[in-house]
Amino acid sequence: MDLILFGPPGAGKGTQAKILVEKLGIPQISTGDMMRAERASGSELGNKFAHYMTQGLLVPDELVLELFAQRLEKPDAKEGAIFDGFPRTVDQADALDAILSKLGRRVDHVIALQVPVESIVERIVGRRVCLSCGQTYHMRYSPPPPSGECVSCGSTDIVQRKDDTEEKVRTRFEAYEENTFPILAHYEPTGVVEKVDGLGEVEDITGRILSALGKN
Ligand code: AP5
């Protein structure tokens, strides 16, 4: 199954993707996580990503597409994948359709998480992330343990992302509205788009997604 988890910054794409990996047995492909890993390596490509990401702007398509195509070729994505934060532009959606088509596949589902902008700002500003394993926390809804150790890997490197300020979130939301939202109209004619309420308990939202996928 090839599934796009779609939604604005902070909609819960990463949170749900990590749970769905277990439930569906296919990997999460997050272009944002891949770019942060490249940045952490200190490579020239990582520095190019940083230039855009720290401003809350989209990274140019040509840089994203090469990274994405290389990841999709890995054996664990042979039976499908959960696309988190990709595609971000209609051109990226066209490229994804072409890459999948060559593999005899197509986008089977687009799950569009619906979250109002006020909740997005609160979620993003309160987010903390484990630098070691990527586990996500929220200072109000799911705080890290008092010991400061990550529940998944024990690391104490739990930080706020540099683009998780209120100012940057608003820029990211504008980029979403202008460039990413039109992707829904790209996929709607093929009947694969399901709108899912993204507010409420994390496990309730997972249940709604699985229902939309016909999995429970
Ligand atoms: P990326 O890393 O993809 O960020 P994003 O799309 O802005 O999404 P987020 O990771 O911020 O949010 P999310 O929906 O995953 O929410 P989460 O589950 O963490 O991209 C970052 C940057 O990289 C972009 O700005 C761009 O520069 C670049 N980039 C990446 N991909 C690109 C591409 N394809 N093309 C061009 N540029 C690209 O949840 C958020 C918070 O809410 C967490 O704290 C979580 O604990 C909490 N939360 C989750 N669910 C709930 C709930 N039900 N109730 C309460 N709190 C909740």
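Residue indices begin at 1 and follow the sequence shown. Start at 1 and go down the list; that is how both ligands and their atoms are numbered.
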Those residues that, when tested against Ser211, pass side-chain contact (heavy atoms from CB on, under 4.5 Å) (two or more places apart): Asn216
Residues that Glu166 engages under salt bridge (charged side-chain N to carboxylate O under 4.0 Å, His left out), provided they are two or more places apart: Arg170
Minimum-distance pair of heavy atoms, taken over all atoms of Ile29 and Ala77: CD1-CB, 4.5 Å
Cluster companions of Val202 among Ile, Leu, Val, Met, Phe, Trp, Tyr (side-chain spacing under 4.5 Å): Ile19
Contact residues of ligand 1 (heavy atom under 4.0 Å), by chain and number: Pro8, Pro9, Gly10, Ala11, Gly12, Lys13, Gly14, Thr15, Thr31, Gly32, Met35, Arg36, Met53, Leu57, Leu58, Val59, Val64, Gly85, Phe86, Arg88, Gln92, Arg123, Ile124, Arg127, Thr136, Tyr137, His138, Tyr141, Ser142, Arg161, Asp163, Arg172, Gly200, Val202, Ile205
side-chain contact (heavy atoms from CB on, under 4.5 Å) between Ile158 and Cys150, intermediate numbers included: CA-CA 7 Å; Ile158 298 175; Cys150 175; 4.2 Å; yes
Aromatic ring pairing Tyr176/Phe6, orientation class (parallel under 30°, perpendicular over 60°, tilted between): tilted
